[in-house]
Protein chains: 2
Amino acid sequence: MSTREEKKQRTRQAIIQAAINLFSANGFENTSIEELAKVAGVGKGTIYGYFQTKKEILRAFCEYALEQIHKDLVSKTNPEAPILEQMLTIYMTEFNHVTQNREFGRIFMRQTVFPDESDVKGHAEIEDKYFELLFPIIEKAKERGELRKEIEPLHLTAHFYSLYVLLMSAWYSGRIPTTEVDSAMELLFRQTLEGLQPTPLNI
Amino acid sequence: MSTREEKKQRTRQAIIQAAINLFSANGFENTSIEELAKVAGVGKGTIYGYFQTKKEILRAFCEYALEQIHKDLVSKTNPEAPILEQMLTIYMTEFNHVTQNREFGRIFMRQTVFPDESDVKGHAEIEDKYFELLFPIIEKAKERGELRKEIEPLHLTAHFYSLYVLLMSAWYSGRIPTTEVDSAMELLFRQTLEGLQPTPLNI
DNA sequence: ATTAAATGTCGACTGCAGTCGAAATTACCG
DNA sequence: CGGTAATTTCGACTGCAGTCGACATTTAAT
């Protein structure tokens, strides 16, 4: 027989695996907790011993999905490329992954950008992983003189991220078709780097 | 007796008014459709003759709330002030209104930024009202030489709006306390206007 | 005025998220 | 072991969003 803790871990994994299978196959809305419980081989109530809400299960699912994205990113990014190019690669990769399933992406974005009170902590962790990915890129770009040195990495990240969110929003609202996302992103990123004001004449 | 159309309008209004009262008093989650129906003086099924989902009722409520915000905005904005100041006034006013009720604000933002398939059309209309408000401001600022002329008003609006969304997100994630929102907004707006790149030496 | 079609209204019903307390399992100690 | 405390599991139950079809009201045509 195994210790309590080991069993809990196995049960937890079984639930997440069932979620990955069912959410991927049928979507979040079309998967009921009871179905999930059956596939995971546990009772309905047990699920709620591991997760407080259905959305929290989604977050576990999202974390898994994010790992896949990050793996993809590391292999694609060239740390010596211009900052514009790197940022475009990162955010387009993410866009492509997240929007692979339209409904999943919407729930994921809503939850990430405007988290429930109960989810705030979990999403903070996810964000930290982003910073780990982006900060080194920013530092290198600063060294190469592509970015103003006095701007905080946090604020820089914020700018790009906010434009990414905007594009997602525009895509979900139908204002931008899939084919135009990359050019729109390039335009917005470039404008942010260059600034919106006219270049001052007196330097 | 009154004609059918008139009666429908009155019923519709009764539902919206009941929603305004109940959502404001008890919040969206704590208001059941049955309660709403009772207060509006109709049957539960009737509600669904006017709105397809509970969220759609929320949108009607939001439209009402938005009108209040716009009224507030028009009285506060000074069309001759610098673009930075005007944008700060507009988005801080909006921030203050939307976050007055934390839960309402979250649902409102989620719905606005990542709308459901069924709500896309309604939210497009809300956005148009924004453009009506912002485009003249941008045109004037261009005339005063505060913005690069070649940048589309739509893209300019997009930049500021995306930073506004970012701040909302940061607030809901607890990364920014209420007291620091205005200074953070000023910082981000200023950086966007000035650009993130070093000013090129060769003009 | 009569009647048939069209449009509105209603609340019982269905399905699912989340709760709860009783039952089962595991850990701990004499 | 034997017994008891602590933890975990379970599915019947509650409450609410949304559906459905029977019933009521309005319109329009004769």
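Proteins come first, then strands; the chains are lettered A, B, ... in the order of their sequence lines, and each starts at number 1. Treat the numbers as computed from the prediction; the structure is a model and nothing was measured.
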Review point. Counting side-chain heavy atoms from CB outward, which of C:dG8, D:dA17, C:dT25 is closest to A:Lys7?
Key: C:dT25
Study note, to complete from the structure: A:Leu22 CG to C:dC16 P, in whole Å, measures 13 Å
Distance-only donor-acceptor pairs under 3.5 Å for side chains of residues 78-85 of chain A, two or more places apart:
{"residue": "A:Asn78", "atom": "OD1", "partner": "A:Glu80", "partner atom": "N", "Å": "3.0"}

**Study point:** CZ-OG1 distance between B:Phe95 and B:Thr178, expressed to the nearest 0.5 angstrom
**Key:** 5.5 Å
Check your understanding: How close or far is atom C1' of D:dT19 from atom NZ of B:Lys54, stated in whole angstroms?
Key -> 17 Å
Check your understanding: Can you tell me how far C1' of C:dC10 sits from CD1 of B:Ile15, to the nearest Å?
Key -> 13 Å
Practice item. Can you tell me the distance, in whole Å, between the NZ atom of B:Lys8 and the C1' atom of D:dT25? Key: 14 Å
Review point. Donor-acceptor pair, A:Lys142 side chain versus A:Leu147 backbone, under 3.5 Å?
Key: no
Practice item. List for me each residue that meets ring-ring contact (aromatic ring centres under 6.0 Å, His included) alongside B:Tyr50, sequence neighbours excluded, and say none if there are none. Key: none
Review point. Hey, what's the ring geometry for A:Phe160 with A:Phe189, parallel, tilted or perpendicular (30° and 60° as the breaks)?
Key: perpendicular
Exercise for review: Round to a whole Å and report the spacing from CZ of A:Phe51 to P of C:dT19.
Suggested key: 15 Å
Review point. Tell me, which of residues 28-49 of chain B have any heavy atom that sits under 4.0 Å from an atom in DNA chain D?
Key: B:Thr31, B:Ser32, B:Ile33, B:Lys44, B:Tyr48
Check your understanding: A:Asn26 has an atom CG; how far is it from atom P of C:dC16, in whole Å?
Key -> 12 Å
Review point. Given atom CD of B:Glu56 and atom P of D:dA17, what is their separation to the nearest angstrom?
Key: 15 Å
Review point. At under 4.0 Å between heavy atoms, what does A:Tyr50 touch on the DNA or RNA strands: base, sugar-phosphate, or nothing?
Key: sugar-phosphate
Check your understanding: Rounded to the nearest Å, what distance is computed from the CD atom of residue B:Glu5 to the P atom of nucleotide C:dT7?
Key -> 12 Å
**Study point:** Side chain A:Lys54, main chain A:Thr31, donor-acceptor under 3.5 Å
**Key:** yes
